[in-house]
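A quick write-up on the structure given underneath.
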Number of protein chains: 2
Amino acid sequence: MTSPTRPPRADSVRNRELLLQAAEAEFAEHGAEASIADIAARAGVAKGTVFRHFASKEELIAALVTGHMATLTEGAAGFLDDPDPGLALLGFLTLAADQRQQHDVNFLLTASAANPEVARLRDELFGHIESLVARARDAGAIRADITATDVFLLTCAPVHVTEFLENPPPDLWRRYLGIIFDGMRPEGASPLAMPAPKWP
Amino acid sequence: MTSPTRPPRADSVRNRELLLQAAEAEFAEHGAEASIADIAARAGVAKGTVFRHFASKEELIAALVTGHMATLTEGAAGFLDDPDPGLALLGFLTLAADQRQQHDVNFLLTASAANPEVARLRDELFGHIESLVARARDAGAIRADITATDVFLLTCAPVHVTEFLENPPPDLWRRYLGIIFDGMRPEGASPLAMPAPKWP
DNA sequence: ACACAAACTGACCCATCGGTCAACTTGATA
DNA sequence: TATCAAGTTGACCGATGGGTCAGTTTGTGT
């Protein structure tokens, strides 16, 4: 019962890919205010072509975020059956920060939070984080009062703090991930002033 | 040898103050893209008046940031001779996060980093942080490998992480400040992957 | 009260941006 | 190779934003 739709043309799929790459580069350079015209020029196509592939700028952003979110969700799944629960959680945080460092989409997240596909992936990722945190907590690798929401919120912090420097070393986030993860460890933990927030 | 300049008119200084308040509110609501027209309307003046007081939007932002930066620098100075070096550093971090929570100027910082007055205040603040960190380190309140640059960069993190929630409880940052500060404590500290960055 | 400079006003200018569309190309199919 | 829908193009549109300025109002020193 599939409608007899033609397969997409070869140049079309190529242009779509070029546009996503160009958009990523432009957003990285100029932030969320990067213009559609610049993105089109960088991809070597006309502005109208952008809107043939993505109905609006929001949808283009959502397509970018969806790709990265899917990659990260998949990566998180790979840690779910790691034999060492503590290293599994740290490994996920490292993976997440590394990806954020290479493709800074933090500022695009809010712009695409309303997108249903992004929301679905986000919830799926959150589910994996819940498993990772539960196992790490049961193993005594992290303190008992840390929740999955805490980890989710803290994921971007290591990269974020480095952005106050003009030319941060590309691996500097590892330093701050180390500090923050030490703060999650049971050793020397002091009581927290506020309860963990609910998700979302 | 002072030139015989008149004192400013009463309505002028009042309008300048109204504009700063309106700008703060508009930036808080709409981010850095808040428009000059909206700011002027909120302050109850015409658009041209904005440019009489501030040569450009950048300068308006710089004036706002200068005010908050001066407040924070002054606050930091108040902790310099606190008898407990650990509590002094924690007190400063608490003050800084509290101020960031009430007046979110993080996203305006980059827009005003080039301003010489902002740079001067930033350096003065950094000097105070250096004193606070040195005393806390000597007292054994924080681990030996934490530098003033680390503290400076981490200052905004507690508030930042809460911003991924739509309606974060206003004091939620205290939870993440607790976690991050625990990560700075000597107890259970693990070696850091990267050396501390130079300032700036 | 007067005079004047400082301050205010809002219409206007120009650049930019997201998005549209009618005309034109082109890749796949038969 | 003929055909045509799918894809591309770039001029165009309306909205919006930062910034200007000639004309007007107003606070203030005399």
Side-chain angles (χ1 to χ4, degrees), chain A residues 2-27 29-65 107-108 110-112 114-115, chain B residues 2-27 29-65 107-108 110-112 114-115:
Chain A
T2 64
S3 57
T5 97
R6 288 201 178 183
R9 264 163 55 171
D11 58 340
S12 176
V13 307
R14 199 193 67 231
N15 279 342
R16 190 192 153 91
E17 200 49 45
L18 286 174
L19 277 171
L20 285 173
Q21 284 175 232
E24 174 134 345
E26 285 293 318
F27 283 132
E29 280 180 21
H30 307 114
E33 309 84 33
S35 77
I36 297 283
D38 286 351
I39 292 170
R42 190 173 195 131
V45 301
K47 206 168 67 164
T49 302
V50 179
F51 292 98
R52 164 150 291 262
H53 289 277
F54 310 97
S56 65
K57 189 180 181 180
E58 256 193 16
E59 200 171 286
L60 169 59
I61 292 176
L64 268 183
V65 173
F107 56 89
L108 302 177
T110 45
S112 61
N115 182 283
Chain B
T2 64
S3 57
T5 96
R6 288 200 179 182
R9 267 164 52 169
D11 57 341
S12 175
V13 306
R14 199 193 66 232
N15 280 342
R16 189 191 154 93
E17 200 50 44
L18 286 173
L19 278 171
L20 285 173
Q21 285 175 233
E24 175 132 346
E26 286 292 319
F27 283 132
E29 281 179 20
H30 306 115
E33 309 84 33
S35 78
I36 297 284
D38 286 350
I39 292 171
R42 190 174 194 128
V45 302
K47 204 168 68 166
T49 303
V50 179
F51 292 98
R52 164 151 295 264
H53 289 278
F54 310 97
S56 64
K57 190 181 181 180
E58 256 194 16
E59 201 171 283
L60 169 59
I61 291 177
L64 266 183
V65 173
F107 57 89
L108 301 177
T110 46
S112 62
N115 183 282

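Quick note on labels: first sequence line is chain A, next is B, and so on, each numbered from 1.
- Around CD of B:Gln21, the count of heavy atoms belonging to other residues, nucleotides or ligands within 6.0 Å exceeds 12.
- Note that CZ of A:Arg52 and CZ of A:Arg16 are 13.0 Å apart. Values are rounded to the nearest 0.5 Å.
- Atoms OG1 and CD1, from B:Thr49 and B:Ile39 in turn, are 13.0 Å apart once rounded to the nearest 0.5 Å.
- The two residues B:Leu64 and B:Leu20 make their nearest non-hydrogen contact at CD2-O, 3.7 Å.
- Side-chain N or O atoms of B:Lys57 include none that pairs as donor or acceptor with a backbone N or O of B:Ser35 at under 3.5 Å.
- Residues A:Phe27 and A:Ala32 share a closest heavy-atom pair of CE2-O, 3.8 Å.
- In terms of position along DNA chain C, the nucleotide closest to B:Pro8 lies nearer the 5' end than the nucleotide closest to the other residue of the pair B:Pro8 and A:Pro7.
- Taking a heavy-atom distance under 4.0 Å as the criterion, the stretch of DNA chain D touched by chain B extends 5' to 3' from D:dG17 to D:dT28.
- Note: A:Lys47 NZ to A:Asp38 CG = 10.5 Å, rounded to the nearest 0.5 Å.
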Do nucleotides 12-26 of chain C as a string where each nucleotide becomes B, S or -: B if the base has a protein heavy atom under 4.0 Å, S if just the sugar-phosphate does, - if no protein is that close.
-> -----SBBB-----B
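- A donor-acceptor pair is defined here as one N or O able to donate and one able to accept, closer than 3.5 Å; no such pair exists between the side chain of B:Ser112 and the backbone of B:Asn115.
- Residue contacts shown for B:Val45 are limited to sugar-phosphate atoms, with no base heavy atom under 4.0 Å away.
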